[in-house]
Each structure stands twice: as C-alpha cells, then as structure tokens.
Amino acid sequence: MHIESLKTLAVDALEELKGQDIAELDVSTLTSVTDTMLVASGTSTRHVAALADNVVEKAKDAGVRPLGVEGHAGADWVLIDLGDVVVHVMMPDARRLYDLERLWADLPSDVEEEGRGGRA
C-alpha cells in the first residue's frame, strides 16, 4: 500500500473513534526505521486500546498486516508498526512526558549527519 494511503487509513481509523490531537511527523530524513509517525491521544486506557485496535483492524481489512503492536496490555501507550507508518496512541500524561513531537523535531537529520562526516 502506498504511504499516503496508509497514512490516510490510519488517520481515518483514529478519527473514526474520536482520537484526539492527531499529529503527523515526517521522520524520513531522521531515521531509516520508518517514514512517518502518527501520534494521537485517547481519553482513557480503554479508549487508547480501542483506537489502536481500530487502526489494526482497518489495516488488516486493507491487506496490511502490522509488523508489531506493543503496549496493548497497559494501554498507556500503544505502538502500531505498519512499516512506512508507525502509529503511537497515548494517554495525555504519557504523551506530555515523552513529548515525541519535540523529541523527533530536535534530532539532526541523516542528511545533516552525512554532511558532517557522521554515519548514515
């Protein structure tokens, strides 16, 4: 599935169950692990789990098998790895604590590192 379609699928699945504060992070120049991270908040651990389940279900319906799902047991922070798109569904306290948006924005890109003689 094309990355734009995969992002749209994940965002639609989050919005369908009222995921809050959905953010898209383009990390394609920062890591080779994934191209895009989506971050969303839920209102309770039950809501976080339901949001994550909906993303997984919609992906499977579209023929995309998640590479992994982590954190579902506690549901404070559930990560769904869809390959080119990684989805983080978090409780607001966990989201504030880990502040993924700022963390990824502050990292130097692979392109900047290569220019300084760093590793790619």
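Just so you know, residue 1 is the first one in the sequence shown, and it goes up from there.
Partners of Val11 under the side chain to side chain contact (heavy atoms under 4.5 Å, CB included) rule, at least two apart in sequence or in another chain, are Glu15, Ile22, Leu38. Annotation: side-chain hydrogen bond (donor to acceptor under 3.5 Å, both in side chains) contacts of Thr43 (sequence neighbours excluded): His47. Ala59 meets the side chain to side chain contact (heavy atoms under 4.5 Å, CB included) test with Leu9, Val64, Leu82; sequence neighbours excluded. Listed by chain and residue number, Glu16 satisfy the salt bridge (charged side-chain N to carboxylate O under 4.0 Å, His left out) test with Lys58 (two or more places apart in sequence, or in another chain). When the salt bridge (charged side-chain N to carboxylate O under 4.0 Å, His left out) test is applied to Asp76, no partner is found at least two apart in sequence or on another chain.
Here the closest non-hydrogen pair linking Thr34 and Val85 is OG1-N, 3.4 Å. In plain terms, the two heavy atoms of Ile80 and Pro66 that are nearest each other are CG2-CB, 4.3 Å. Minimum heavy-atom separation, Val78 to Gly71: CG2-O, 3.6 Å.
Under the 3.5 Å distance criterion, the side-chain polar atoms of Asn54 are matched with a main-chain donor or acceptor of Ala13.
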Per-pair distances, 0.1 Å, donor-acceptor, side chain in residues 86-96, under 3.5 Å, sequence neighbours excluded:
{"from": "His88", "atom 1": "ND1", "to": "Trp77", "atom 2": "NE1", "distance (Å)": "3.0"}
{"from": "Asp93", "atom 1": "OD1", "to": "Arg96", "atom 2": "NH2", "distance (Å)": "2.3"}
{"from": "Arg95", "atom 1": "NE", "to": "Glu101", "atom 2": "OE2", "distance (Å)": "3.2"}
{"from": "Arg95", "atom 1": "NH1", "to": "Asp21", "atom 2": "O", "distance (Å)": "2.7"}
{"from": "Arg95", "atom 1": "NH1", "to": "Ser41", "atom 2": "OG", "distance (Å)": "3.0"}
{"from": "Arg95", "atom 1": "NH2", "to": "Asp21", "atom 2": "O", "distance (Å)": "2.8"}
{"from": "Arg95", "atom 1": "NH2", "to": "Glu101", "atom 2": "OE2", "distance (Å)": "2.5"}

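His72 and Asp53 are linked by a side-chain donor-acceptor pair at a separation below 3.5 angstrom, with hydrogens and angles left out of the test.
Interatomic distance, CG of Asp35 versus CG of Asp84, reported as 5.0 Å (0.5 Å rounding). To the nearest 0.5 Å, atoms CG (Leu25) and CG (Leu30) are separated by 9.5 Å. Expressed to the nearest 0.5 Å, how far CG of Asp12 lies from OG of Ser5 amounts to 10.5 Å.
Hydrophobic clustering (side-chain heavy atoms under 4.5 Å, transitive across Ile, Leu, Val, Met, Phe, Trp, Tyr) keeps Met37 apart from Val33.
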One pair to check against side chain to side chain contact (heavy atoms under 4.5 Å, CB included): Thr36 and Glu24. What are the steps and the verdict? CA-CA 7 Å; Thr36 301; Glu24 178 183 328; 3.7 Å; yes
Where do Val55 and Leu14 land on the side chain to side chain contact (heavy atoms under 4.5 Å, CB included) test, with the steps shown first? CA-CA 7 Å; Val55 171; Leu14 293 167; 3.7 Å; yes
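At most 12 heavy atoms of other shown residues, nucleotides or ligands fall within 6.0 angstrom of atom CD in Glu70.
Using a 4.0 Å cut-off between charged side-chain N and carboxylate O, Glu4 and Lys7 make a salt bridge.
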